[in-house]
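Numbering of residues begins at 1 and proceeds along the displayed sequence.
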Amino acid sequence: MYWAAGFASSRPCVVELGRNHSLPLGLCASEQQQSLYGYIIAFPLQDYGGIMSVLGSDSWWKKTLYITGGALLAAAAYLLHELLAIRKEQELDSKDAIILHQFSRPKNGVPSLSPFCLKIETYLRMVDLPYQNYFDGKLSPQGKMPWIEYNHEQASGSEFIVDFLEEKLGVNLNKNLTPQERAVSRAVTKMVEEHLYWTIAYCQWVDNLEETQKLLAMSGPLSDTLKWLLSHLNGSMVRREMYGHGIGRFSREEVYALMEKDMRTLATLLGDKKYFMGSKMSTLDATVFGHLAQAMWTLPGTRPEQLIKGELINLAMFCERMRRRFWPEWFVEVEDLYYDGDSESSSGGSPTGLLDFGLFSRTDTLDDSDGSSQSAGHTNTHSPDSDHSLFDSDVGTGSDNDIQLKEELMPDLEV
């Protein structure tokens, strides 16, 4: 018996998943993708004596019976889908509330495998706006992820989401930047989102596909099969979109060379500053964190992890600073902050699963400690070139874990 697979949507379309076909499901969260929302189905092409032979017979009443029955089943499935969708819409009232739609949490405790989803959720925490997560996997009407709803209005695409929140709620992380700093911030943002992103996506979904597949959070008797299917479909989409972008036309070594240039540029720009544009946070920090966190915590033993936890240690400290300040429920082991050449040790430990805070507000979970400059009686180590510290007060909380972190990394930071 031969089988074909297809994608059934509530919209009148069916996409066949045959040979040399793939279905972009948007796991890599590229903001240029177009995807469909529905269910994967399978149907028999031949069964030698079953439904197909009946439909091929001359008996009109049998044809009518099977066609009518199939139509009724399809109608019932459609009505069920619409009822569930209506129920979800009733549960999600966006009046005076921000609803953040994004992909589900991965298994290793990292908030998201999507740099853009992590960027927007971190941004919401940075500006201290309460929001409600909704892990439905449904893309926006423009086919993008993440997207938000607020007062029954929608915004998709990370840049437009930030603009929307600035206009509607008056938040602005860039208000203290000069026009020249705003220009630099935008230029670096485009380098990260339009260039570095693709090299990280290549490492995740092409070169390190099997490890990324293990991070997908799925359960059930067919979870392994679904993980394999979704990861390979997404890998095919990444290859195709990278080729259209142009960066996918280069060899593996050339792609990694481009990635290294971008990461070194970021490390040079950051220097020994607390944040990328100085002592105060900006939107650029959320952007860079969303992307570098993938190299920091989702790609064990790979070239980007070796760079960020080794030679470019200031980027690792920036990621850790952001994680501790805005993600208090996200736990990592101390030894997971540096690379010692052993991929097992760099990914060791059993990370605690990330808690899904329902309505999250940063002020409910941690204090802003910008004012202090010391932690637990330990004096910060300052750079000879500036008065900034790689161990600012918001990195540590005075716990034994923080003291151990400083002692572990201090030899690598001294020049």
Side-chain angles (χ1 to χ4, degrees), residues 20 22 24 26-33 106 108 110 113-116 118-119 187-216 228 230-271 276 287-319 336-347 412:
N20 296 329
S22 64
L27 291 178
C28 74
S30 166
E31 298 199 331
Q32 300 175 350
Q33 64 195 358
N108 66 337
V110 176
L113 293 177
S114 161
F116 295 103
L118 183 54
K119 167 190 173 180
V188 176
T189 296
K190 294 299 106 178
M191 180 196 75
V192 171
E193 294 186 344
E194 304 295 339
H195 196 264
L196 177 63
Y197 164 76
W198 290 109
T199 64
I200 297 295
Y202 174 84
C203 191
Q204 280 182 312
W205 298 103
V206 178
D207 202 33
N208 204 45
L209 180 60
E210 293 184 359
E211 293 300 320
T212 304
Q213 176 182 324
K214 298 176 183 177
L215 300 180
L216 300 180
W228 184 92
L230 293 178
S231 60
H232 281 77
L233 287 174
N234 205 62
S236 298
M237 184 192 69
V238 169
R239 287 179 180 272
R240 184 173 65 252
E241 292 196 352
M242 286 184 66
Y243 191 85
H245 176 279
I247 197 171
R249 300 167 189 255
F250 299 114
S251 67
R252 176 180 182 272
E253 292 74 19
E254 290 171 327
V255 170
Y256 279 118
L258 294 174
M259 176 203 68
E260 183 171 341
K261 288 181 179 180
D262 289 345
M263 293 182 67
R264 290 187 182 279
T265 300
L266 291 174
T268 301
L269 177 63
L270 178 62
F276 273 89
T287 301
V288 176
F289 176 71
H291 288 75
L292 291 185
Q294 309 303 319
M296 182 84 174
W297 288 294
T298 72
L299 296 169
T302 61
R303 180 58 178 156
E305 189 208 45
Q306 294 171 16
L307 279 172
I308 196 171
K309 294 181 180 179
E311 187 176 351
L312 309 180
I313 191 65
N314 63 330
L315 296 181
M317 294 309 302
F318 164 78
C319 289
D336 201 31
L337 300 178
Y338 62 92
Y339 183 81
D340 60 3
D342 184 356
S343 61
E344 293 183 359
S345 64
S346 64
S347 60
D412 295 326

Would a 4.5 Å heavy-atom cut-off, applied to side chains only, mark H245 and E241 as touching?
-> no
Any donor-acceptor N/O pair, H291 side chain to K119 backbone, under 3.5 Å | no
Measure from the side-chain N and O atoms of H232 to the backbone N and O of W228, and report whether any donor-acceptor pair falls under 3.5 Å.
-> yes
Verify the neighbour count for atom NZ of K261: are there more than 12 heavy atoms of other residues, nucleotides or ligands below 6.0 Å?
-> no
Does a side-chain heavy-atom distance below 4.5 Å link V192 with L292?
-> no
F289 vs F318 aromatic rings, parallel, tilted or perpendicular, using cut-offs 30° and 60°?
-> perpendicular
Measure the shortest side-chain to side-chain distance between L312 and R264 over non-hydrogen atoms and say whether it is less than 4.5 angstrom.
-> yes
Answer yes or no: is there a side-chain heavy-atom contact under 4.5 Å between P106 and T298?
-> no
With a cut-off of 6.0 Å (strictly less than), are more than 12 heavy atoms of other residues, nucleotides or ligands near CZ of R303?
-> yes
Value for CD (Q306) from CG (L299), rounded to nearest 0.5 Å, stands at 11.0 Å
Residues, nucleotides or ligands: over 12 heavy atoms within 6.0 Å of E311 CD = no
Any side-chain heavy-atom pair from V188 and T287 closer than 4.5 angstrom?
-> no
State the CZ-CG distance between R252 and D207, to the nearest 0.5 angstrom.
-> 4.0 Å
In this structure, OG of S251 is separated from OH of Y256 (nearest 0.5 Å) by 11.5 Å
Exercise: identify the closest heavy-atom pair between L266 and V288 = CD1-CG1, 4.2 Å
Minimal heavy-atom distance between M263 and L315, with the atoms involved, is O-CD1, 3.5 Å
Which distance, rounded to the nearest 0.5 Å, do you find between the CG of L216 and the OG of S231?
-> 6.0 Å
Would you mind listing every salt bridge (Lys or Arg N to Asp or Glu O under 4.0 Å) that reaches into residues 287-298, with sequence neighbours excluded?
-> none
Over all atoms of both residues, closest heavy-atom pair of Y243 and R249 | O-NE, 3.0 Å
Any idea which heavy atoms bring I200 and M259 closest together, and the distance?
-> CD1-SD, 4.4 Å
Indicate yes or no for a side-chain donor-acceptor contact from N208 to the backbone of G301 under 3.5 Å, with no hydrogens or angles considered.
-> no
Do the side-chain N and O atoms of T302 and E305 include a donor-acceptor pair separated by under 3.5 angstrom?
-> no
For K214, what residues pass the side chain to side chain donor-acceptor pair (under 3.5 Å) criterion, not counting sequence neighbours?
-> E211
Backbone of G271 reached by a side-chain donor or acceptor of N314 within 3.5 Å | yes
Does the side chain of R239 reach to within under 4.5 Å of the side chain of W205, using non-hydrogen atoms?
-> no
Within a strict 4.5 Å, meaning less than it, do heavy atoms of the T268 and T265 side chains meet?
-> no
Measure across W297 and N108 and return the closest heavy-atom pair with its distance rounded to 0.1 Å.
-> O-ND2, 3.2 Å
What is the minimum heavy-atom distance between A293 and L118, and which atoms define it?
-> CB-CD2, 3.6 Å
